[in-house]
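A short worksheet on the structure shown next.
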Amino acid sequence: MAKITVIGSLIMDNVATMERYPEAGESIMGTSINYYPGGKGANQCVAIARLGGDCEMIGMVGNDENGKIFKNLLKEENIKSDNVFVCDKPTGIAQIQINNEGQNRICFIPSSNFEFSFNHIDLIDKIIKETSLVVLQLELRLEIVEEIIKRAHKYGVKILLNPAPAMNIDKEVLKYVDYITPNEFELSSLTNLPVETEPQIIKASQKLLSYGCKNVIATLGSKGAIIANNKITKLIPSYKVKAIDTVGAGDSFNGALAVSIIEGKELEEAVKFANAMGALTVQKSGAIPSLHTRKEVEDFLNGIIN
Ligand code: ADP
């Protein structure tokens with residue numbers, strides 16, 4: 001049984017570039033198209049695998065080419081994927097349009113990901129029971145994520161929830177979450193509090209703790225992350241790097257955090273490692289192509305420390 005089980009999304013990103021966006025009803029010719037496997041679930045699972053974590057991916061793809069691409073990718077990354085189910089809907093897709101100013105417009109269609117049902121939870125019940133850490137995001141149906149949290153809690157399994165994208169998750173369920181990793185926007189949305197300044201972020205993190213989450217790790221982009229639990233509230237600063245593309249930063253951070261937690265690191269140490277992984281990710285384009293290996297993260301940390 002894998003120690004870390006990621007139950008989440010597999011989404012093919014279709015990235016089209018164009019000089020400018022078309023007006024409503026207008027057809028224009030774009031300049032390039034590329035397809036990148038992604039989705040927060042798949043990204044986080046690949047991050048864990050590249051860091052040497054023992055992990056399994058669980059989710060749902062379509063019976064189509066994109067579904068096969070995901071199956072092959074997981075195999076290449078040595079990720080167990082017997083429970084990536086296949087359904088008749090197309091594999092989930094994100095249509096991303098980038099104009100010549102680098103702005104993006106994204107339309108995400110969950111498709112296969114939303115076919116993951118309560119019956120599938122029953123099928124993976126034993127896996128939830130026997131794993132050490134369940135890693136979740138909010139790109140499956142909300143009620144599915146909530147039920148998985150309840151089951152993992154019932155079995156005494158630790159839960160890491162990346163509450164992204166922002167959703168109105170049941171507060172009753174949040175009390176079962178061991179590690180919650182909102183970015184600033186998600187933190188504000190979960191707490192209905194402003195998060196413009198560090199004191200405000202701390203206040204919002206404490207509100208999240210008051211819902212019963214055991215550890216809040218609020219990610220703050222280039223500033224690093226604030227950790228809050230019943231012993232400590234502290235900013236763990238990130239590393240100064242030249243950011244080229246921040247896509248995948250949150251996913252790589254979460255993957256690294258999961259690996260460190262399973263290795264028994266203290267939260268502060270775990271977040272330092274996750275900050276290093278995030279800092280490496282933003283120096284490369286794309287999500288999965290920018291996920292680094294264990295050795296690369298350690299070399300980066302040694303370079304900084306020595
Ligand atoms: P998300 O991608 O979910 O919005 P963040 O932007 O907060 O998440 O980034 C997640 C983590 O990635 C940060 O906590 C930090 O460790 C790292 N990170 C993000 N942007 C930068 C940056 N410009 N420089 C260094 N580290 C970064």
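Counting starts at 1 for both ligands and their atoms, following the listed order.
Residues that satisfy the ring pair (Phe, Tyr, Trp, His ring centres under 6.0 Å) test with H153, not counting sequence neighbours, are Y176.
Heavy atoms from other residues, nucleotides or ligands lying under 6.0 Å from NZ of K171 number more than 12.
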Solution key, residues 193-207 side-chain donor-acceptor pairs under 3.5 Å, sequence neighbours excluded:
{"residue": "T197", "atom": "OG1", "partner": "Q200", "partner atom": "N", "Å": "3.2"}
{"residue": "Q200", "atom": "OE1", "partner": "E196", "partner atom": "N", "Å": "2.7"}
{"residue": "Q200", "atom": "OE1", "partner": "T197", "partner atom": "N", "Å": "3.1"}
{"residue": "S205", "atom": "OG", "partner": "I201", "partner atom": "O", "Å": "2.9"}
{"residue": "K207", "atom": "NZ", "partner": "T191", "partner atom": "O", "Å": "2.7"}

Would you tabulate the side-chain donor-acceptor contacts of residues 44-58 under 3.5 Å, counting partners in other chains and residues two or more places apart, or write 'none'?
{"residue": "Q44", "atom": "OE1", "partner": "Q137", "partner atom": "NE2", "Å": "3.0"}
{"residue": "Q44", "atom": "NE2", "partner": "N162", "partner atom": "OD1", "Å": "3.0"}
{"residue": "Q44", "atom": "NE2", "partner": "D251", "partner atom": "OD1", "Å": "3.0"}
{"residue": "R50", "atom": "NE", "partner": "E77", "partner atom": "OE1", "Å": "3.1"}
{"residue": "R50", "atom": "NE", "partner": "E77", "partner atom": "OE2", "Å": "3.4"}
{"residue": "R50", "atom": "NH1", "partner": "I288", "partner atom": "O", "Å": "2.7"}
{"residue": "R50", "atom": "NH1", "partner": "L291", "partner atom": "O", "Å": "3.0"}
{"residue": "R50", "atom": "NH2", "partner": "E77", "partner atom": "OE2", "Å": "2.6"}
{"residue": "D54", "atom": "OD2", "partner": "K3", "partner atom": "N", "Å": "3.2"}
{"residue": "E56", "atom": "OE2", "partner": "N83", "partner atom": "ND2", "Å": "3.1"}

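Looking at heavy atoms from C-beta onward, I261 lies in side-chain contact with L160 at the 4.5 angstrom threshold.
Protein residues having at least one heavy atom under 4.0 Å from any atom of ligand 1 are N183, T219, L220, G221, S222, G224, S238, Y239, V241, A243, A249, G250, F253, N275, G278, A279, V282, listed by chain and number.
In this structure a side-chain-to-backbone donor-acceptor pair under 3.5 Å is missing from D122 to D125.
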